[in-house]
Colleague: 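One structure, pasted below without further comment.
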Amino acid sequence: MRQPNFNQRGHGQRAQAGFQKVDKEKRQILWRLTKYVMRHYKFSCLAVMVCIGISSVTTLASTLFTRTLIDDYIVPLTQVDNPEYASLAQALFKLAIILLFGVVCSFTYNRLMINVSQGTLLRLRKALFEHMEKLPVSYFDSRSHGDVMSTYTNDVDTLRQMIGSSLPQVFNSIISLLVTFASMVVLSIPLTMVSIVMAIVMMVTTTKLGTRSRAFFKTQQQKLAEVNGFIEEMMTGQKVVKVFCHEEKAIRKFEKINEELRSSNYNANKIANIVMPVNGNLGNLGYVLIAVVGATVALSPVTSQLSPLTSHLTLGTIVAFLTLNKSFTQPISHLSQQINSVLNASVGAERVFALMDAEPETDKGSWVMKDGHWVLADDSQNAATSKPPVAIQGDVDFKDVEFSYVPEKQVLFDIDINTNPGQKIAFVGGTGAGKTTVINLINRFYDVQKGRILFDGIPINEIRKSSLRHCLGMVLQETHLFTGSVLDNIRYGRLDATDEECMAAAQLVGAHDFIRRLANGYHTMLNGDGGNLSQGERQLLAIARAAIANPPVLILDEATSSIDTRTETLVQRGMDSLMKGRTTFVIAHRLSTVRNSDMINVMDHGRIIEQGNHDQLLALKGKYYQLYTGDDSMLK
């Protein structure tokens with residue numbers, strides 16, 4: 001005897017459990033979306049439900065009137081020589097009033113759903129953006145910008161289609177099913193049983209096909225995000241693509257991921273699009289069966305005498321029932337027709353809620369900045385502990401700091417740095433030495449795993465992030481300018497700064513001359529990240545933006561790397577004035593920019609291997625000496 005394959009059976013059970021989990025997750029996501037809509041538009045949704053119910057009832061009334069029209073009016077009128085049409089006209093007039101009321105309700109709920117769908121998307125995008133602004137830098141470091149943008153555009157748009165069209169259609173279909181089923185039972189139980197059998201067949205077909213197509217819809221949304229991300233990368237890196245003549249390679253790669261999107265889209269819609277035709281044919285088959293069974297029962301005197309259930313099948317009843325059967329199977333077909341939208345929306349909602357559920361940046365520090373002092377956020381706690389306000393000095397110390405972005409790979413090892421307020425601290429070293437990571441820890445873009453960072457003697461993780469970052473001014477190697485005037489971009493460092501203060505900051509860093517030469521001076525509009533400016537000019541505006549913030553601590557991450565030698569000489573004078581009295585952390589490849597630093601930290605593979613000022617490090621004749629004497633313009 002052949003032994004059963006327990007591994008195969010276990011695999012089948014796991015697969016079934018997996019499908020059940022997917023279905024459960026899908027239901028939870030759709031239910032969450034429904035609750036989100038209901039929370040903000042409860043009364044509008046209730047009004048929509050009422051209007052849909054009334055519209056369904058009025059439609060049913062016209063169907064049931066068919067039996068009355070045939071049995072009570074048409075048949076009797078054909079049997080008299082002088083028919084009287086007054087009663088028929090009166091009945092038709094009443095029906096017209098009912099149908100007109102149904103049309104008004106249908107118009108009302110469609111208008112309401114436009115408001116509900118657009119209002120929901122407005123709130124959803126607002127909630128997404130507000131939550132995105134609270135996410136840590138690590139979230140964006142691990143995802144492409146195009147993928148995040150796809151959530152705002154494609155995924156949110158799938159929800160618009162579902163909320164504005166699919167949800168009302170689903171509810172309308174359910175109401176129509178219930179009302180129609182009750183009417184069918186009243187007219188004929190045997191014929192109703194035939195309709196139920198066909199309806200079950202249609203629902204099973206829809207469920208089976210829907211389960212298969214959802215996985216493809218999920219892949220489709222992921223591939224769409226990949227396409228958007230790739231296009232975004234190519235747009236921002238277009239100059240690099242052209243310089244290295246990678247146009248053909250970029251086209252081939254785009255064709256590959258675009259084909260993957262087409263394939264996933266095809267597979268998703270290939271299954272989902274056959275649901276409607278299959279159910280339509282099954283509905284037509286049911287219509288024929290009911291017509292045959294009903295006509296046989298109605299015309300056969302034998303069947304009429306066998307059971308009281310079949311004794312009242314008149315011609316009008318059969319015609320009305322056939323119409324009801326269409327009304328019974330049509331909602332099922334409509335539900336199957338919405339499967340694309342529902343499945344697409346469930347995947348889109350999953351991605352939207354994944355962004356909304358992302359863990360925000362924690363900010364539970366007890367110390368805050370107030371009037372140039374560090375104070376405890378809770379005044380009562382301040383009184384209880386008798387801790388006086390601490391004046392902000394800009395003293396930043398590292399004590400045995402270790403850090404890793406991922407647990408498997410440590411980036412920093414035993415970082416010890418002791419500074420005094422107003423000092424200039426430089427970091428030099430090769431690419432990947434850990435210089436930028438140190439800066440990220442000062443900003444609390446990331447928190448250390450071991451050791452401590454002290455800011456004015458206060459553990460940095462006890463300081464409210466918003467207050468900490470108000471004390472920091474930062475100029476990055478890659479500048480980013482916003483759409484707006486030159487003044488607006490400088491004022492971004494301190495929103496309450498006057499025009500005169502912004503101009504003074506520009507003069508301080510040497511940006512005033514080139515700004516004055518622009519078409520509209522300080523009121524020149526910048527677009528496309530300042531694409532109408534040179535890289536050096538954009539860098540000067542970023543430095544002016546840091547100057548207007550007037551922070552006690554300044555961070556310069558290769559701030560002059562994009563400025564030519566002549567401009568650097570001008571900027572350095574302004575930078576020296578800007579750094580005076582401030583604790584300044586400088587990352588530089590050009591050793592000429594850090595020679596006057598109070599402390600130079602030479603980093604290698606996450607460790608500080610040498611520490612001291614320029615003369616002290618030269619005297620050591622170590623790594624810094626090799627770098628300085630070998631090539632004082634660029635670290636290798």
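No experiment lies behind these values; they were computed from the predicted model shown.
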Colleague: Just by distance, do the side chain of Asn489 and the backbone of Phe482 share a donor-acceptor pair under 3.5 Å?
Modeller: yes
Colleague: Can Arg111 and Tyr109 be said to form a side-chain contact (heavy atoms from CB on, under 4.5 Å), step by step?
Modeller: CA-CA 5 Å; Arg111 289 297 298 270; Tyr109 88 70; over 6 Å; no
Colleague: Would a line drawn from the ring center of His131 to the ring center of Phe129 be shorter than 6.0 Å?
Modeller: no
Colleague: With no hydrogens and no angle check, just 3.5 Å: does a side-chain donor-acceptor pair link Ser56 and Asn172?
Modeller: yes
Colleague: Supply the atom-to-atom distance Leu159 CG to Leu121 CG, rounded to the nearest 0.5 angstrom.
Modeller: 7.0 Å
Colleague: Can you name the side chain to side chain contact (heavy atoms under 4.5 Å, CB included) partners of Asn258, sequence neighbours left out?
Modeller: Phe254, Leu261
Colleague: Test Asp604 against Lys435 for salt bridge (Lys or Arg N to Asp or Glu O under 4.0 Å), laying out the working first.
Modeller: CA-CA 9 Å; Asp604 184 49; Lys435 307 183 297 296; over 6 Å; no
Colleague: Could you tell me whether Tyr36 atom OH has more than 12 heavy atoms of other residues or ligands within 6.0 Å of it?
Modeller: yes
Colleague: Looking at side-chain heavy atoms only, is the closest gap between His523 and Val486 below 4.5 Å?
Modeller: no
Colleague: Who pairs with Thr436 by side-chain hydrogen bond (donor to acceptor under 3.5 Å, both in side chains), at least two apart in sequence or on another chain?
Modeller: none
Colleague: Is the number of heavy atoms from other residues, nucleotides or ligands under 6.0 Å of Met149 CE greater than 12?
Modeller: no
Colleague: Locate the shortest heavy-atom distance separating Ala497 from Ile548; write the atom from each residue and the value.
Modeller: CB-CG1, 3.7 Å
Colleague: Any sub-3.5 Å donor-acceptor pair from Thr524's side-chain atoms to Gly521's backbone N or O?
Modeller: yes
Colleague: Could you walk me through whether Glu402 and Gln410 pass the side-chain hydrogen bond (donor to acceptor under 3.5 Å, both in side chains) test, one step at a time?
Modeller: CA-CA 8 Å; Glu402 295 186 357; Gln410 189 168 337; 3.2 Å; yes
Colleague: Should Val553 and Cys471 be marked as a side-chain contact (heavy atoms from CB on, under 4.5 Å) after you check the CA-CA gap, both sets of side-chain angles, and the distance that decides it?
Modeller: CA-CA 6 Å; Val553 177; Cys471 297; 5.6 Å; no
Colleague: Quick one, Met356 and Leu124 - any side-chain contact, counting heavy atoms below 4.5 Å?
Modeller: yes
Colleague: Given side chains that start at C-beta, do those of Phe585 and Asp557 come closer than 4.5 Å, heavy atoms only?
Modeller: no
Colleague: Around His480, counting heavy atoms of other residues, nucleotides and ligands shown, do more than 12 lie under 6.0 Å from its NE2?
Modeller: yes
Colleague: Tell me, do Gln28 and Trp31 make a side-chain contact under 4.5 Å, heavy atoms counted?
Modeller: no
Colleague: What distance separates Met525 CE from Ser485 OG, expressed to the nearest 0.5 Å?
Modeller: 6.0 Å
Colleague: Using every non-hydrogen atom in the two residues, find where Ser346 and Ile29 come nearest and quote the distance to one decimal.
Modeller: O-CG2, 3.7 Å
Colleague: State which residues pass salt bridge (Lys or Arg N to Asp or Glu O under 4.0 Å) with Glu260; sequence neighbours excluded, sorted by chain then number.
Modeller: Lys223, Lys256
Colleague: What closest approach, in Å, do Val448 and Phe403 show between heavy atoms, and which atom pair accounts for it?
Modeller: CA-CD1, 4.2 Å
Colleague: Within the side chain of Gln539, is there an N or O that forms a donor-acceptor pair under 3.5 Å with the backbone of Leu476?
Modeller: yes
Colleague: Test salt bridge (Lys or Arg N to Asp or Glu O under 4.0 Å) on Glu130 and Lys126; report intermediate values, then the result.
Modeller: CA-CA 6 Å; Glu130 289 178 351; Lys126 181 175 181 291; 2.5 Å; yes
Colleague: Side chain of Glu537, backbone of Ser534: donor and acceptor closer than 3.5 Å?
Modeller: yes
Colleague: Tell me, do Leu526 and Leu541 make a side-chain contact under 4.5 Å, heavy atoms counted?
Modeller: yes
Colleague: In Å, rounded to the nearest 0.5 Å, how long is the span from CG of Leu533 to CG of Leu540?
Modeller: 10.0 Å
Colleague: With a 4.5 Å cut-off on side-chain heavy atoms, are Asn443 and Lys465 touching?
Modeller: no
Colleague: Fit a plane to each ring of Tyr446 and Tyr405, take the angle between them on a 0 to 90° scale, and name the class: parallel (under 30°), tilted (30 to 60°) or perpendicular (over 60°).
Modeller: perpendicular
Colleague: Take Val156 and Leu128 through the test side-chain contact (heavy atoms from CB on, under 4.5 Å) and record every step on the way to the result.
Modeller: CA-CA 10 Å; Val156 170; Leu128 278 173; 4.0 Å; yes
Colleague: Going by salt bridge (charged side-chain N to carboxylate O under 4.0 Å, His left out), name the pairs with one or both residues in residues 160-174, residues two or more places apart or in two chains.
Modeller: Asp157-Arg160
Colleague: When you compare the side chain of Tyr41 with that of Arg123, does any pair of heavy atoms fall below 4.5 Å?
Modeller: yes
Colleague: Starting from the C-alpha separation in whole Å, work towards a yes-or-no answer on side-chain contact (heavy atoms from CB on, under 4.5 Å) for Ile463 and Arg444.
Modeller: CA-CA 10 Å; Ile463 300 175; Arg444 278 198 74 190; 5.6 Å; no
Colleague: Considering only residues two or more places apart or on different chains, which pairs with a residue in residues 479-494 satisfy salt bridge (charged side-chain N to carboxylate O under 4.0 Å, His left out)?
Modeller: Asp488-Arg491, Arg491-Asp499, Arg494-Asp496, Arg494-Glu501
Colleague: The test is salt bridge (Lys or Arg N to Asp or Glu O under 4.0 Å); show your working for Arg469 and Glu361 and say whether it passes.
Modeller: CA-CA 14 Å; Arg469 291 167 185 168; Glu361 189 176 36; 2.8 Å; yes
Colleague: Using modelled atom types only, decide if a donor and an acceptor are shared between the side chain of Arg607 and the backbone of Phe413 within a distance under 3.5 Å.
Modeller: no
Colleague: To the nearest 0.5 Å, what is the distance between CG (Leu355) and CG (Asp155)?
Modeller: 9.5 Å
Colleague: If I compare all heavy atoms of Val37 with all of Cys45, which pair ends up nearest, and what's the gap?
Modeller: CG1-SG, 4.0 Å
Colleague: Using 0.5 Å steps for rounding, measure from the CG atom of Asn115 to the OG1 atom of Thr120.
Modeller: 8.5 Å
Colleague: Less than 4.5 Å apart, side chain to side chain, heavy atoms only: is that true for Ile515 and Ile490?
Modeller: yes
Colleague: Could you tell me whether the side chain of Ser55 and the main chain of Cys51 form a donor-acceptor pair under 3.5 Å?
Modeller: no
Colleague: Using modelled atom types and a 3.5 Å cut-off, is there a donor and acceptor pairing between side-chain atoms of Ser263 and backbone atoms of Glu259?
Modeller: no
Colleague: Of all the heavy-atom pairs spanning Arg351 and Thr151, show the shortest one and how long it is.
Modeller: NH2-OG1, 3.7 Å
Colleague: Go through the structure and list residues passing salt bridge (Lys or Arg N to Asp or Glu O under 4.0 Å) with Arg125, not counting sequence neighbours.
Modeller: none
Colleague: How many angstroms lie between CD1 in Ile460 and CG in Leu468, if you round to the nearest 0.5 Å?
Modeller: 4.5 Å
Colleague: Mind listing the closest non-hydrogen atom pair of Gly53 and Ile175 along with its distance?
Modeller: CA-CG2, 3.9 Å
